[in-house]
Novice: 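This structure is in C-alpha cells; I'll ask about it shortly.
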Number of protein chains: 2
Amino acid sequence: MSEPRWLDATQQRDWRAYVDGSVRLTEVMDRDLKTRHGLSVSEYEILVRLSEAPERRLRMAELADNASQSRSRLSHTCSRLESKGLVSRGSCPGDKRGVYAHLTDAGFDALDRASRDHVETVRAFLVDIIDPADLEAVGRVFTAVMKRIDAG
Amino acid sequence: MSEPRWLDATQQRDWRAYVDGSVRLTEVMDRDLKTRHGLSVSEYEILVRLSEAPERRLRMAELADNASQSRSRLSHTCSRLESKGLVSRGSCPGDKRGVYAHLTDAGFDALDRASRDHVETVRAFLVDIIDPADLEAVGRVFTAVMKRIDAG
DNA sequence: GAGCATAAATTGAAGATTCAACTAATCTTC
DNA sequence: GAAGATTAGTTGAATCTTCAATTTATGCTC
C-alpha cells in the first residue's frame, strides 16, 4: 500500500466546509419542513418527483432512483405518506409485479403549501447569500459527481 | 401571503444537482467506510474531530457542535464507539457535570487506516474530477451557509 | 446559603433507515 | 413450455436517530 495522496490545505478546507455546511443545511431544511408542514426532506422530495411526473405517478423503482432512495426505504416512506393520504398506490397494467405511486390531490396541495415556504428557506440559507457564479459552480460539481457515481 | 419568489431555471437546476448529488455522494462515502472499516460517516467524523483536539479529547457538547450532531445522538454514538474500544469517556476535572470523550490508541489506529482509504474516495468521486476553482467555490458557498446558520 | 433558573449529559421510547429474506411476476433459453 | 435466472416490490428485525423527560451540577440573585 503506497502513501495516500492527502488533500492539500486548500482542498481540505473546502471539503470540510462542504461536509459541515451540507449537514447543517439539510438539518435546517428538515426542521423547517417538519415543523411547518410535517414533512421530512425525503418525503418532500418524493412528492416533488411525483408532482413532476406525467399523470403525477411513477413506478416505485423509478421513483426510488429519482429520489435517490433505496427501494426498501421508499416502500416504508410511501406507506407513511399513504396513511397521511398524500400518496396512493395502485397496480400497474402492463406488469403485474409493478406498482404505481400516485400523488393525491391532498398530496399536491400539501406540496404546494410546503414548496412556497421551502423556496424561501433555500433562498435565505443558500441562493440569496452567495455569488450566482458560485451556485453555478456547485451545480457543475454535483452534476459531475452524479455522473461519476453512475459510471460506477 | 405574497407570491413566492421561485428559483429561475438555472438556480433550480443547480440546486437540484446539489440536492441529488450530495445525497448520493454521502451514500458512497458511507458505504465505503462501512464495508471497509465498519464505520459510518458520522462515527468517522467524531474520530476525526477527536484526533485533532488537544490531547485527543473533547467535552461532549463541544464535540457535538464540532461534528454537527445533536447531544443525544452523540451520546448514543459514543456509547457504540466506546463498546468498540475506539473512544473512552472520563469525567471532567473542573465541571462535575462534564464528560470528556477521548480517542483511544485503537481509535487512532482505526482512524488512520480508514482515512487512508477515505481520502482516495473523496478524490475519486469529487476532488480529482472537478475544476479546482469549482472546489473553492464550493468551499466559499458552504462557509457562507454555515455563517448564515450560525447567525440564526 | 436557599431557592430558582440554566447547562451538561444521558436515557428510553418512538420514529426512520438499513439489511437480509421473501413473494410474485417476468424474462431467457434450451 | 419448463427450469432457472432476474426484476419489482414488500416485510420484519436490527440498527440508528430524534424527541421528550430525567438526573446531576453549576450559576445567579436575593
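In what follows, every chain begins at residue 1, and chains take the letters A, B, ... in the order their sequences are listed.
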Novice: Could you pull out all residues at least two apart from A/R73 that satisfy side-chain hydrogen bond (donor to acceptor under 3.5 Å, both in side chains)?
Specialist: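 So A/R73 forms a side-chain hydrogen bond (donor to acceptor under 3.5 Å, both in side chains) with A/S42.
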
Novice: Mind listing the residues from residues 72-92 of chain A sitting with a heavy atom below 4.0 Å of DNA chain C? Number order is fine.
Specialist: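 Within this stretch, A/S72, A/R73, A/H76, A/T77, A/R80 sit under 4.0 Å of the strand.
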
Novice: With B/K84, which residues qualify under side chain to side chain contact (heavy atoms under 4.5 Å, CB included), at least two apart?
Specialist: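 B/L39, B/E43, B/L86.
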
Novice: For A/D128, what residues pass the salt bridge (Lys or Arg N to Asp or Glu O under 4.0 Å) criterion, not counting sequence neighbours?
Specialist: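 With neighbours one apart ignored, the set is A/R123, B/R5.
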
Novice: Under the criterion side chain to side chain contact (heavy atoms under 4.5 Å, CB included), which of A/E62, A/M60, A/R59 is the partner of A/Y100?
Specialist: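 Of A/E62, A/M60, A/R59, side chain to side chain contact (heavy atoms under 4.5 Å, CB included) with A/Y100 is met by A/R59 alone.
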
Novice: Could you label the plane-to-plane angle of the B/Y18 and A/Y18 rings as parallel, tilted or perpendicular, counting under 30° as parallel and over 60° as perpendicular?
Specialist: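 Perpendicular.
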
Novice: Sequence neighbours excluded, which residues qualify as side chain to side chain contact (heavy atoms under 4.5 Å, CB included) partners of B/T121?
Specialist: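 B/T121: side chain to side chain contact (heavy atoms under 4.5 Å, CB included) contacts with B/V28, B/M29, B/D32, B/R36, B/F125.
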
Novice: Among residues 60-69 of chain A, which contact DNA chain D at a heavy-atom distance under 4.0 Å?
Specialist: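 Heavy-atom contacts with DNA chain D come from A/M60, A/A61.
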
Novice: Between the side chains of B/R49 and B/D65, is the shortest nitrogen-to-carboxylate-oxygen separation below 4.0 Å, so that they form an ion pair?
Specialist: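 No, B/D65 and B/R49 are not salt-bridged.
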
Novice: Which residues pass the side chain to side chain contact (heavy atoms under 4.5 Å, CB included) test with A/K34, not counting sequence neighbours?
Specialist: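 Partners of A/K34 under the side chain to side chain contact (heavy atoms under 4.5 Å, CB included) test: A/D30, A/S40.
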
Novice: For A/D105, what residues pass the side chain to side chain contact (heavy atoms under 4.5 Å, CB included) criterion, not counting sequence neighbours?
Specialist: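 Counting only residues at least two positions away or on another chain, A/D105 forms a side chain to side chain contact (heavy atoms under 4.5 Å, CB included) with A/R56.
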
Novice: Count I, L, V, M, F, W, Y as connected when their side-chain heavy atoms are under 4.5 Å apart, and connections chain through other members. Are A/V23 and A/W15 then in the same cluster?
Specialist: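 Different hydrophobic clusters.
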
Novice: Of all nucleotides in DNA chain D that come within under 4.0 Å of a heavy atom of chain B, which is furthest toward the 5' end and which toward the 3' end?
Specialist: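 Span of nucleotides near chain B: D/dC16 to D/dT26.
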
Novice: Under the rule for side-chain hydrogen bond (donor to acceptor under 3.5 Å, both in side chains), what residues qualify as partners of A/S79, not counting sequence neighbours?
Specialist: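 With neighbours one apart ignored, the set is A/R89.
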
Novice: Heavy-atom contacts under 4.0 Å between residues 17-55 of chain A and DNA chain C, which residues?
Specialist: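 Correct list: A/S42.
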
Novice: If we only count heavy atoms from C-beta on, is the B/E52 to B/V48 side-chain gap below 4.5 Å?
Specialist: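 In contact.
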
Novice: Does A/R113 pair with A/D117 as a salt bridge, N-O distance under 4.0 Å?
Specialist: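 Result for this pair is no, no salt bridge flagged.
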
Novice: Tell me the partner of D/dC30, counting only Watson-Crick (N1-N3 plus N6-O4 or O6-N4) or G-U wobble (N1-O2 and O6-N3) with both under 3.5 Å; none if nothing fits.
Specialist: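 Per the H-bond distance test, C/dG1.
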
Novice: Please report the shortest heavy-atom distance between B/A101 and B/V87, naming the atom on each side.
Specialist: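 Looking at all heavy atoms of both residues, the closest pair is CB-CG1, 4.3 Å.
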
Novice: Extract from the structure each pairing of a protein N or O with an N or O of nucleotides 24-26 of chain C at less than 3.5 Å, listing the distance.
Specialist:
| residue | atom | partner | partner atom | Å |
| --- | --- | --- | --- | --- |
| C/dT26 | OP1 | A/K96 | N | 3.0 |

Novice: Any chance you could measure A/R71, atom CZ, to A/C78, atom SG, to the nearest 0.5 Å?
Specialist: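 Answer rounded to 0.5 Å: 12.5 Å.
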
